[in-house]
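Along the sequence shown, residues are numbered consecutively beginning with 1. Both counts, for ligands and for their atoms, begin at 1 and track the order of listing. Quick note: numbers below take in every heavy atom, side chains included, and nothing from hydrogens, waters or symmetry partners.
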Amino acid sequence: MARFGGSWDTGQRRNLRRVLVVGGGRAGVAAAEELRRRGFGGEIVVMCDEPDAPYDRPSCSKGVLTGHKRLRDARMPVQDDLAIHWEMDRRAVQLDPVERVVVADTEEVYRYDGLVIATGARPIWPEGWPGGEPGLHALHGLTDAWQLRRSLRRARRVAVLGGGLTGCEVAGAVRAMARDCVLIDSKQQLMSQGLGEVASRYVTEEVARDGVQLRLGRRFRRLDRNRRGWVLVLDDGSEVAADVVVATIGERPDTRWLAGAGVDVTDGVLCDEHLRVLGVEDVVAAGTVARWPNLRYSPRPRRVGQWIAALEQGRAAAASLLRSDHPSRPAALVPRFWSEQFGLRIQVCGEVPTDGSAELTVSRQRPGRRDTARAGVLVGYHRGGEQIGLVGVNAVRAFTTTARMMLAAPPRLVEPPEFVFEQPRPAPHAPVSPAPVSPPRGGPRERFSTGQYAAVR
Ligand SMILES: Cc1cc2nc3c(=O)[nH]c(=O)nc-3n(C[C@H](O)[C@H](O)[C@H](O)COP(=O)(O)OP(=O)(O)OC[C@H]3O[C@@H](n4cnc5c(N)ncnc54)[C@H](O)[C@@H]3O)c2cc1C
């Protein structure tokens, strides 16, 4: 059994002059800020393929969609005296960890002493759907949100494929704009993965009460075109016609550029408990792209696709990269997220097991009312006498009190896994959203190999 990245174990302060951060989302920016906060005086370069980053991605399915937020209101505030060098509208296409360079699609080559991988995830595009057709949308960034908003303004009937967090928020925005909405999901309840069975049931009832037509327990089979727009054919042969269709069927880590770099990218970049990427030196990963063992809950490496987790991972990854004489603590964070939709304030803290491995407590805020979610409900998850998870719907005060206690409690960490590093398998490249994140550039795009780095930055 071997632990890779052996030089980490020396405990010496890294001799880093230049840190390159690939990805200008929440995790990448948090890492850059944390490097400075910890006194890193070298060069920090943030490379990102989105020209308008950094911004607040959760706004894309909320205020930006309904028009309550302008695009510029979604900008992520970044302290301007941090001397960060922003290289926007550039996509990393290759990592060479031996030469310590990252190649961009502009053919520029970026050297690094330390690297932060923070490239997030991209939405999955349904197999066989045509790209770039009017009325067909995925939702990831500001450009997508803006295009979808324009479509929604003209739409009469909208179909949303996928009843997870993003799909439900889109449906909420559609209803807020007084459009008809059909929501399709293969499960019997909405957001059941994130909210657990109980809260999910109450929220599903509320969404139906709001007028969304639910087609639950149904799988999508085929997309046809008709004169007015699109027809979704479901697995029972029924059809859903709509002039706008939004696919929110999941996301896939953005790791294409790491192919051939000797990194395990099976469902995200495999890291140890300090977010150090296995198999390469002086490279850390953070945010949705990172798969790491969160020792607060389990030694099994997993990804977390949440805003606050991305922020905290970015900070933890920066600390690992700078590791001084004192070994950094494992990135044992408490996952948490929120959502606002259909007049419901949904908040989740900690783990919400869906396998029946935890005991539940359910406390209704106003027990007499039938609209349980709207009236307020709190669901607690307990294991071994310890509270491990909490879901609140319209129960902000009670949620905040308990969540604060959970966050303040000293973590009991499990033993880290012994990683046996295997030869990386090719990443499953299912189709991702065809919507371009940045406009295509002209000119040839050579693939570089070691020794060919002409235009080194
Ligand atoms: C519509 C939507 C709504 C959401 N709402 C919520 C919410 O309410 N609450 C919540 O907790 N979470 C929410 N999330 C999830 C949350 O936004 C993510 O977990 C968070 O943004 C992850 O941050 P990140 O920095 O890891 O990745 P990202 O925010 O995805 O940032 C990664 C950046 O890297 C860029 N990039 C990718 N590949 C390359 C490359 N090869 N070269 C250069 N740049 C690259 C990407 O374009 C992107 O700009 C939402 C997500 C979406 C899409």
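- Remark: aromatic rings of F220 and W129 are close, center separation under 6.0 Å.
- In this structure, E169 has a heavy atom closer than 4.0 Å to ligand 1.
- Applying the 6.0 Å contact sphere to CD of E133 captures more than 12 heavy atoms from other residues, nucleotides or ligands.
- Geometrically, ligand 1 and D254 share a nitrogen or oxygen pair separated by less than 3.5 Å.
- There is no side-chain donor-acceptor pair under 3.5 Å between T402 and Q387.
- When heavy-atom distances to ligand 1 are checked against a 4.0 Å cut-off, A118 comes that close only through its backbone atoms N, CA, C and O.
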Which atom pairs, one a donor and one an acceptor, fall under 3.5 Å between side chains of residues 389-396 and the rest of the protein, sequence neighbours left out?
| from | atom 1 | to | atom 2 | distance (Å) |
| --- | --- | --- | --- | --- |
| N394 | OD1 | R345 | N | 2.7 |
| N394 | ND2 | G343 | O | 3.4 |
| N394 | ND2 | R374 | O | 3.1 |

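- Of the listed options P58, C48, G24, P58 places a heavy atom closest to atom 4 (C) of ligand 1.
- Contacts with ligand 1 closer than 4.0 Å are made by no heavy atom of R122, backbone or side chain.
- Ion pairing between E50 and R57 holds under the 4.0 Å rule for side-chain N and carboxylate O.
- Looking at W257 against ligand 1, only its side chain comes within 4.0 Å, counting heavy atoms.
- Within 6.0 Å of CZ in R17 there are 12 or fewer heavy atoms belonging to other residues, nucleotides or ligands.
- Proximity of Q306 to ligand 1, defined as any heavy-atom pair under 4.0 Å, is shared by backbone and side chain alike.
- When the options V46, V29, T288 are ranked by their closest heavy atom to atom 22 (C) of ligand 1, first place goes to T288.
- Geometrically, ligand 1 and K62 share a nitrogen or oxygen pair separated by less than 3.5 Å.
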